[in-house]
Amino acid sequence: MYKEPKGLNLSEIDKEILQFWEEHKIFEKSVEQRDADNAYVFYEGPPSANGKPGIHHVMARTIKDIFCRFQSMSGKRVERKGGWDTHGLPIELKVESELGITKEDIGKKISVDDYNKACRETVMRYKDLWDDITRKMGYWVDLDDPYITYKNSYIESVWWLLKQLYDKDMLYKGYTIQPYSPAAGTGLSSHELNMPGAYKDIKDVSAIAQFKVKGTENEYFLAWTTTPWTLPSNTALTVGANIDYVKVDGYNRYTGERTQVILAKDRMAAYFTEANPDLKPEEVKAGNKPIPYIAIVAEMKGSELEGMEYEQLLPYVVPEKPAFKVLVGDFVTTEDGTGIVHTAPTFGADDFRIAQKYDIPPLMVKDEFGNPGPLVDKQGRFVEEVTDFAGRYVKDYGQEEERSVDEDIVIKLKQENKLFHSEKYVHSYPHCWRTDRPVLYYPLDSWFIKASSAKDRMFELNKTINWKPASTGEGRFGKWLENLQDWNLSRSRYWGIPLPIWRTEDGRQAKCIGSVEDLGKEIEKANAALGLDQTVPADLHRPYIDEITLVADDGTLMKRELDLIDVWFDSGSMPYAQWHYPFENQEKFKNSFPADFIAEGVDQTRGWFYTLHAIATMVFDSVAYKNVVSNGLVLDKDGRKMSKRLGNAVDPFETIKNYGADATRWYMISNAQPWDNLKFDLDGIDEVRRKFFGTLYNTYSFFALYANIDKFEYKEAEVPLDQRPEIDRWIISLLNTLVKEVGAEYANYEPTNATRKVMNFVDAHLSNWYVRLCRRRFWRGDYTEDKIAAYQTLYTCLSTIAKLMAPVSPFFSDWLYRNLNEATAKENHESVHLADFPKADEALIDKALEQRMDYAQRISSLVLSLRKKERMRVRQPLQKILLPVLDEDFQKQVEGVKDLVLAEVNIKEIEYLSDTTGILKKRIKPNFKTLGRRLGKNMKAAAQIIGKMGQEDIAQIESTNSYQLSINGDTYELTVDDFEITTDDIPGWQVANDGPLTVALDVTITDELLAEGMARELVNRIQNIRKSKDFNVTDNISVQLERHAEVTPAVEQFGDYIKAETLATSLELVDTVENGEELELPDEVKVNIKVKQLT
RNA sequence: AGUCUCGUAGCUCAGCCGGUUAGAGCGCUACACUGAUAAUGUAGAGGUCGGCGGUUCAAGUCCGCCCGAGACUACCA
């Protein structure tokens, strides 16, 4: 027996199937039944369980699940080791806020030990919720034995990787310009800088300084700054290559000295009024307003300025290499300032980079160990070398001063004829969120991976990766690789993987530890040298690891560099660290690297996708993954980002509970390409449920209803295909085409196309054509071979569809598959997920047949539309339709499906109209594809000429297969192929067209047709009565009907037909019906009838 | 600011190498059908294919610029 549930309830199916999977270990079996030598390697990008799962996680995981399931069904062994990302700033910040502490309190109010314990507890806080959503959404991943990034074994593998890089000389200590809070004494992450309220409007003194061009008396570059305190650190000026610059002759407004200043032409208007050859110095000393000038004495492009030298503005410190040159940079604009950018490599990120590019040194002073540092110390004060301002804070850090350093510097510049202009300037400036004091951009020590040296190789290897979509790989990712900077590994935090590097205090000697064993050996050495009793800590995290002291080869004490490493390195290490490679599982690793497939959100492009790729390239000279799908964002239905604040976040648990996991998954995949952003609309899920799952469910229950009545259990031998009716062969052909295409789409990482094709098949072909046209085969007559063929055909379709849809909708497909298979035991798989993905049988694909049926569908549709136009009920049989014949083959094709069409539209015959009848009217159009290329400019004229052709011209072209076309003196020899000739009108008839198809309908109704029409009406009414009286489908009846001029002929001529259709054993015409009911028939005919149930 | 994606009917999306009536589903309206019935069919309304310019005989499709939405990265001297 097939199950016949009362209605479609996807949530119930979810529950039932989940229980089944768990009880029968279907996931485990689906992996284990496949050969280990035939693996498809998947890497799970580790989520962080310290936040609740969102609907976008359902999206990302659906994509992962689809391809793993597909490959698994296709015969691959697909192990899916789960993982958890456990380190990182978000976790630390969460713990800080829950404990009500700040970073400064760590190690003071709370020990590092306790703090890290708190992190470790927090990090898995929502693990249960994650496990729950994983289960409910049907995502198959092994969560019993996941990799966890805080485990010692994981850390050890990461250390090993770092050691490989260290040995390749790819780890170095340098500095970068980072946001730094002198008040808090700590660097700030970009996350902290983006906290609300961090940027505040403040009023600063801005200055335009005059940098004297080397070798001139009075020529100056003008450069603007809002941070005059960085001027002593200036070592370069930067201009834009294509910006126009001018040299302006005039006077300094403060000193009255004659000067020639260089600035961007576009910025002139901001500082100068008009030219005045007779200008006096007094006229410019009036104040801060724009001033007049004498004349523009020269113009040049920025590129012409490149390499020019100037004199140091404030010579407190001498640079170690040649400096004070004009550079060209692409970041220069003329929106503010002078179009010339003051460049201080120690205090600006742009400055740092451009200076590096030109080998311009930063201004540095040496500390007690001879290590270089900037002119401002970590408290935000000028170092003593800056004599005039030594010890003064460069920004407001609570000191009470009459004038700021900026103001004093401006005064000094004024006095020395080095200032062009100064004014107060309001701008938004970042502040430390803890101390509320201004942030400085400050050079901070960091450990780097020399990723830039592997840039070319990464770029090369990237070309071998199959990106979905391709543009992310070539564009976003490729461009990023092209401009790759070194990877800043350092994080000054507590909860993360400690950098395994120990250094001597002077920084001259260092050791990188690559394993626990190494560490043990080094500890022994140190113990011996220093007389200590250290052991390898049980937990490799801080603070225990910090307590370990090692010794250099010459016996000097070494301390661990206190940094942690970037968490992105953690997750990028997972291909190795998940197996504790190389300390364990060498074989396992070898068989699972690189991955065949990974998938994450597009926001991981420069995150996980990059770190995986970078580490694999640098350490193993290999890609880490061969195929990668990056999905877009899940937005709300209006296209806005989902957020708690807006209250538009969709709860994945609610959604799955209300709509079922399958409808949710199917909607997400079918609605838009996964790499496009998804506007997530619950109504869309509902539509998918009704339209697709509802239709498929209806088809199944239709099948189940009749198969149960007939006890069809697929026990009979397969009816040979050539003995099945055309329509069976057609749907089987289409099914095989579908199998072929859907398999290819999955294999090609195109899930959206796969789902759309399945939907189209189920809706347009299987349900609305095959089942609709074949209904009678299921309900009528005996258990004949034709009926068995129908059952077998529909069964095959349903069972195959279950397999095709299984990767996307694992629950419903399994429900469907098992309902079918349990009744027939046709296959020995207990779940669809243990079955093999169908393979198309090319021999069953009959393109001519598909074409034929397509004609049938389209002709039927045209006839129905004509009936509609003519107000002809479908129940009223009509004599014939007229069909112009396109070519001989066409007529043959249509003949093949004639019966289907005639039955479908209730017509008696098709009359073919060929040319010879002479009543067709043809239309001619040029074939633009063939002609356009040949005619070129004459195409337009040709189209006009061809458009004006009459029936005779067309007839001639068709008979002679040639035409001479002359345009503007050129003559072209054309053949029939150069035209598109169609028949779209039959004079005197109502016609309908669809592309090349044209149909006319004969609406003449003879008495006999009328009687037959009435007979059909009667059948319909009697059936309604049967139904309204709840008769059994198999009950026989007897019928009494009143005589009536319109009704009597129908009963007389078509009585047997009526009886057969309604299972009536008798049909009597009587003068009056006792206790009957009134029937309303077309044309206002009313008669009484009595229907009796016979048992 | 750079890089990338997207912009086609009220909504969600197709539209292949450029080729002449720009499609589907949903929604809406009307009609039909009724042994799949909380299903189905047919028809109608609804489009300056984001804008401007270019290439071409021909542009929704190729190129450039601009506008709008979004993502990432960097930053504002």
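Every chain is numbered from 1, with letters handed out A, B, ... down the list of sequences. Atoms considered below: every heavy atom in the structure, side chains included; atoms not considered: hydrogens, waters and symmetry mates.
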Worksheet item: Which whole-number value in Å describes the distance from A:E1017 CD to B:A32 C1'?
Response: 12 Å
Fill in: B:U29 to B:U20 separation - P atoms, rounded to the nearest Å
35 Å
Response to the item:
Where RNA chain B forms runs of at least three Watson-Crick or G-U pairs (i with j, i+1 with j-1, under 3.5 Å), the stems are B:1-7 with B:67-73, B:10-13 with B:23-26, B:28-32 with B:40-44, B:50-54 with B:62-66
Worksheet item: Just checking A:D681: base, sugar-phosphate only, or nothing, at a heavy-atom cut-off of under 4.0 Å?
Response: nothing
Worksheet item: A:N760 CG to B:C13 P: how many Å, rounded?
Response: 19 Å
Discussion item. Measuring only between side-chain heavy atoms, which start at C-beta, is A:F761 closer than 4.5 Å to A:L766?
Written reply: yes
Fill in: Of A:Y441, A:W229, A:Y180, the residue whose pairing with A:F347 passes ring-ring contact (aromatic ring centres under 6.0 Å, His included)
A:W229
Worksheet entry | Pairwise C1' distance for B:G51 and B:G46, with rounding to whole Å | 22 Å
Item to complete: Grab the CG-C1' distance between A:L678 and B:C11 for me, whole Å please.
Response: 14 Å
Worksheet item: Any chance the rings of A:F680 and A:Y667 have centres within less than 6.0 Å?
Response: yes
Worksheet item: When the ring centroid of A:F211 is compared with that of A:F221, is the distance short of 6.0 Å?
Response: no
Worksheet item: Using the C1' atom in both, what is the distance from B:C33 to B:A39, to the nearest Å?
Response: 11 Å
Practice prompt. Over 60° means perpendicular and under 30° means parallel, so classify the ring planes of A:W467 and A:F477, tilted if in between.
Written response: tilted
Response to the item:
Expected label for B:C17 (glycosidic angle, syn inside 90° of 0, else anti) would be syn
Under 3.5 Å, N/O pairs linking protein and nucleotides 6-10 of chain B:
none

Discussion item. Classify A:T472 by what it touches in the nucleic acid, base, sugar-phosphate, or nothing, heavy-atom distance under 4.0 Å.
Written reply: nothing
N/O contacts under 3.5 Å, protein versus nucleotides 60-66 of chain B?
none

Worksheet item: Which value, in whole Å, describes the distance between the P atoms of nucleotides B:G53 and B:A45?
Response: 31 Å
Discussion item. Quick check on the 6.0 Å ring-centre criterion: do A:Y610 and A:W487 meet it?
Written reply: yes
Worksheet item: On a whole-Å scale, what distance lies between the C1' atoms belonging to B:A14 and B:A9?
Response: 13 Å
Discussion item. Say we look at B:C6 and B:G44: how far apart would their C1' atoms be, to the nearest angstrom?
Written reply: 32 Å
Response to the item:
On RNA chain B, more 5' by nearest nucleotide between A:A1060 and A:H342 is A:A1060
Practice prompt. Write down the distance separating the P atoms in B:C28 and B:G10, rounded off to the nearest Å.
Written response: 16 Å
Worksheet item: Rounded to whole angstroms, how far apart are CZ on A:R776 and P on B:A36?
Response: 10 Å
Discussion item. Could you tell me how far B:C49 sits from B:C57 if I compare only their P atoms? Round to whole Å.
Written reply: 23 Å
Practice prompt. Evaluate the ring planes of A:Y791 and A:F703, with Trp represented by its six-membered ring, and classify them as parallel (under 30°), tilted (30 to 60°) or perpendicular (over 60°).
Written response: perpendicular
Worksheet item: Looking at CZ of A:R689 and OG1 of A:T695, how far apart are the two atoms once the value is rounded to the nearest 0.5 Å?
Response: 11.0 Å
Could you write out each protein N or O paired with an N or O of nucleotides 19-23 of chain B at a distance under 3.5 Å?
unit_1	atom_1	unit_2	atom_2	d
B:U21	OP1	A:K925	NZ	3.0

Tabulate atom names and distances for all N/O pairs under 3.5 angstrom spanning the protein and nucleotides 39-47 of chain B.
unit_1	atom_1	unit_2	atom_2	d
B:U40	O3'	A:N768	OD1	3.3
B:G41	OP1	A:N768	ND2	3.3

Practice prompt. Using the closest heavy atom to pick a nucleotide of RNA chain B for each, name whichever of A:W675 or A:V874 lands nearer the 5' end.
Written response: A:W675
Fill in: Sole candidate of A:Y2, A:Y770, A:F778 that passes ring-ring contact (aromatic ring centres under 6.0 Å, His included) when paired with A:F702
A:F778
Below 3.5 Å between N/O atoms, which protein atoms pair up with nucleotides 67-71 of chain B? Just atom names and distances, please.
unit_1	atom_1	unit_2	atom_2	d
B:G70	O2'	A:N677	ND2	3.3
B:A71	OP1	A:K641	NZ	3.3
B:A71	O2'	A:R476	NH1	3.4
B:A71	N3	A:R476	NH2	3.0

Practice prompt. Give a yes or no on whether the ring-centroid distance for A:F420 and A:W224 is below 6.0 angstrom.
Written response: no
Worksheet entry | Contact under 4.0 Å: A:N671 side-chain N or O vs B:U12 OP1/OP2 | no
